[in-house]
Amino acid sequence: MGPKDAAPILLEGLARLEYRGYDSAGVVVSNRGLKVRKVKGRVADLAKAVPARFKGGLGIGHTRWATHGVPSDVNAHPHLSADQRVAVVHNGIVENATELRAKLEADGVVFASDTDTEVLAHLVARTVEDTASLEEAVRKALKSVVGTYGIAVLDAERPGEIVVARNGSPIVIGIGEKEMFAASDVAALVRYTRQVVHLEDGELAVLRADGFHTFASGGLETAKEPLTVDVEAGHYDTGGYEHYLLKEISEQPETVARTLSGRLDERFHIAHLGGLNMDARETRSFRRVKIIGCGSAYYSGQIGAQLIEELARIPADAEPASEFRYRNPVVDPDTLYVAISQSGETYDTLAAVQELKRKGGRVIGIVNAVGSAIAREVDGGIYLHAGPEVSVASTKAFTSTAIAFALLALHFGRVHDLSPAEGRRIVDGLAKLPAQIEEILEQGPAIAELSRKYAVHPSMMFVGRVRGYPVAREGAQKLKEISYIHAEAYPASELKHGPLALIGPELPTVAIVPDDELLDKNLTTLGEIRARGGRVLMIGHREPGAKLADDVIVVPRNEIELDPILLTIPLQLLAYHAAVALERDVDKPRNLAKSVTVE
Ligand code: F6R
């Protein structure tokens with residue numbers, strides 16, 4: 001909001017947020033009444049539907065990922081009250097929407113859409129006339145709402161303000177020169193301002209062109225210090241690449257270097273991790289490490305658990321945060337909990353962290369997005385510094401998370417029994433990674449060729465042993481989410497206990513075969529697959545498998561504990577080129593959204 005027309009700013013901001021949801025989009029501006037445009041489809045379709053004369057300095061917009069009601073023009077946000085006075089955009093889920101809707105309908109309210117969000121517009125409209133401020137009307141409406149939300153609300157009768165509120169779904173306010181912004185992600189704001197304020201759960205804010213006020217849920221004003229975000233608008237461009245995904249895969253030599261920057265100590269062979277807020281005595285006091293995260297974050301946590309066990313000899317394991325939070329976990333005072341999230345906003349991970357904190361658990365975070373909800377909730381942690389990840393499929397955040405775990409494992413190891421010589425081996429190995437990733441990226445054209453060859457199969461098996469297993473899981477995840485080829489990951493050791501029945505000429509296997517102590521076992525597995533007529537694409541270190549594999553991608557060798565990080569890179573390229581060959585929407589795969597801020 002401010003002196004400029006809101007619509008172009010909203011459309012530009014929505015395009016930046018499209019990775020968060022993209023089945024429909026809409027905008028409303030306030031200019032002697034509310035003017036609305038909403039369409040099923042992409043932000044580009046909305047831009048075409050917005051007329052040139054769509055004037056007004058105050059507006060809100062939304063790009064949707066359907067939860068209640070199919071993607072359609074009417075189900076797109078903003079949703080308006082029946083008298084067209086109040087407009088709402090909403091991320092999250094109103095869990096008691098059915099009940100609220102029934103009550104409103106009993107009072108004669110006619111609904112236009114199938115969404116849960118529309119109840120919010122009607123609820124605000126019911127009290128907006130009789131309350132002194134829009135803020136109060138929104139607060140009253142939210143009292144009856146159960147669920148999660150990040151909302152922005154307009155009242156046609158109060159054309160100078162926007163009210164935003166947060167509970168479980170991010171809201172960030174951007175402070176401009178005589179203009180104010182709000183969004184669910186800084187990505188939409190960085191073109192206009194770097195000064196931002198994050199709302200906490202339960203907080204509400206009133207924005208006017210000349211400033212803002214924030215309030216706690218009870219109504220008391222809160223004091224917030226603006227934060228300067230260090231992202232450039234250019235981080236959100238494709239930078240000449242055909243897709244964000246390829247850009248983000250290709251950036252990994254730099255992003256990995258940034259995660260390592262200033263954290264490797266060549267003198268004492270330790271890692272500097274000041275953000276952990278833990279002295280050596282406290283670091284020694286933990287008997288276990290429990291890692292939680294969702295999707296690819298969870299798989300990188302499996303690599304992390306392995307690193308911690310190997311380098312620090314502390315028992316460690318990873319579990320999906322989405323499962324952990326629902327099973328009434330036993331929270332142990334001698335365990336250090338580690339929450340992983342690229343976005344820092346994944347609701348399941350955030351809820352798991354909150355549950356841990358309620359039970360007195362010590363939680364640290366490995367997070368990419370600075371100032372995000374999980375980063376604010378944890379007791380300390382490691383920022384990835386990988387820069388914004390825009391493509392829905394996680395790549396550079398995955399490798400940086402695995403590296404953050406290597407640093408953590410080195411740190412724990414060196415306060416326990418990892419010798420300086422062993423510490424040096426890991427420090428040297430980490431320092432080599434950026435150049436080795438570069439070497440793998442140079443194989444891009446050859447990997448693209450292989451992708452085209454394998455993409456004709458409707459299904460693929462991924463196998464790996466111990467260190468290779470999370471790599472196989474991540475490889476399968478990448479392939480299925482962006483190419484829609486069915487992919488299944490199995491520990492290579494488990495193949496003969498069931499899935500070998502599937503193997504045949506029609507189901508190729510991608511085998512992760514590092515040159516470690518399990519090499520011979522892995523080669524035996526390859527033999528078993530080949531004996532059943534299965535094709536094998538091997539990702540590994542040298543050629544001994546060549547006789548047993550149809551195709552081989554060789555990656556440079558690092559230390560065996562760090563090899564999983566390098567073995568992941570060809571799998572990212574394999575998935576990317578398969579998706580391109582199949583003409584998929586690489587950066588915005590169907591049914592998925594970048595940050596899953598709903599349950
Ligand atoms: C896969 C992917 C997802 C995310 C998961 C967690 O490529 O992107 O599986 O890893 O939704 O997201 P964050 O890390 O933001 O918590």
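For ligands, and for the atoms within them, numbers begin at 1 and follow the listed sequence. The shown structure was predicted, so the numbers you read here are calculated from the model rather than taken from an experiment.
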Indicate yes or no: does an N/O atom of A393 lie under 3.5 Å from an N/O atom of ligand 1? no
If you measure every N/O of T349 against every N/O of ligand 1, is any gap under 3.5 Å? no
Relative to the heavy atoms of [X], which atoms of ligand 1 are at a distance of less than 4.0 Å?
| X | result |
| --- | --- |
| G295 | 9 (O) |
| Q342 | 13 (P), 14 (O), 15 (O), 16 (O) |
| S343 | 13 (P), 15 (O), 16 (O) |
| V392 | 8 (O) |
| A297 | 10 (O), 14 (O) |
| Q477 | 1 (C), 9 (O) |
| K478 | 1 (C), 7 (O) |

Side chains of [X] and [Y], heavy atoms from C-beta outward: is any pair under 4.5 Å?
| X | Y | value |
| --- | --- | --- |
| R16 | R191 | yes |
| E345 | I374 | no |
| H486 | M460 | no |
| F286 | T335 | no |
| H198 | P170 | no |

Taking only Lys NZ, Arg NE, NH1 and NH2, and the carboxylate oxygens of Asp or Glu, determine whether R325 and D348 approach each other closer than 4.0 Å. yes
Short N-O contact, E323 and R327, less than 4.0 angstrom: no
Partner residues of D379 under the side chain to side chain donor-acceptor pair (under 3.5 Å) criterion, sequence neighbours left out: K357
So which pairs with a foot in residues 361-375 pass side chain to side chain donor-acceptor pair (under 3.5 Å), sequence neighbours left out? E282-R362, Q342-N368
Nearest heavy atom to atom 4 (C) of ligand 1 wins, so pick from G344, S300, C294. C294
Considering only heavy atoms, does N368 approach ligand 1 within less than 4.0 Å through its side chain, its backbone, both, or neither? neither
Consider ligand 1: state whether an atom of it lies below 4.0 angstrom from any non-hydrogen atom of I374. no
State if E345 counts as touching ligand 1 under the rule of any non-hydrogen atom under 4.0 Å. no
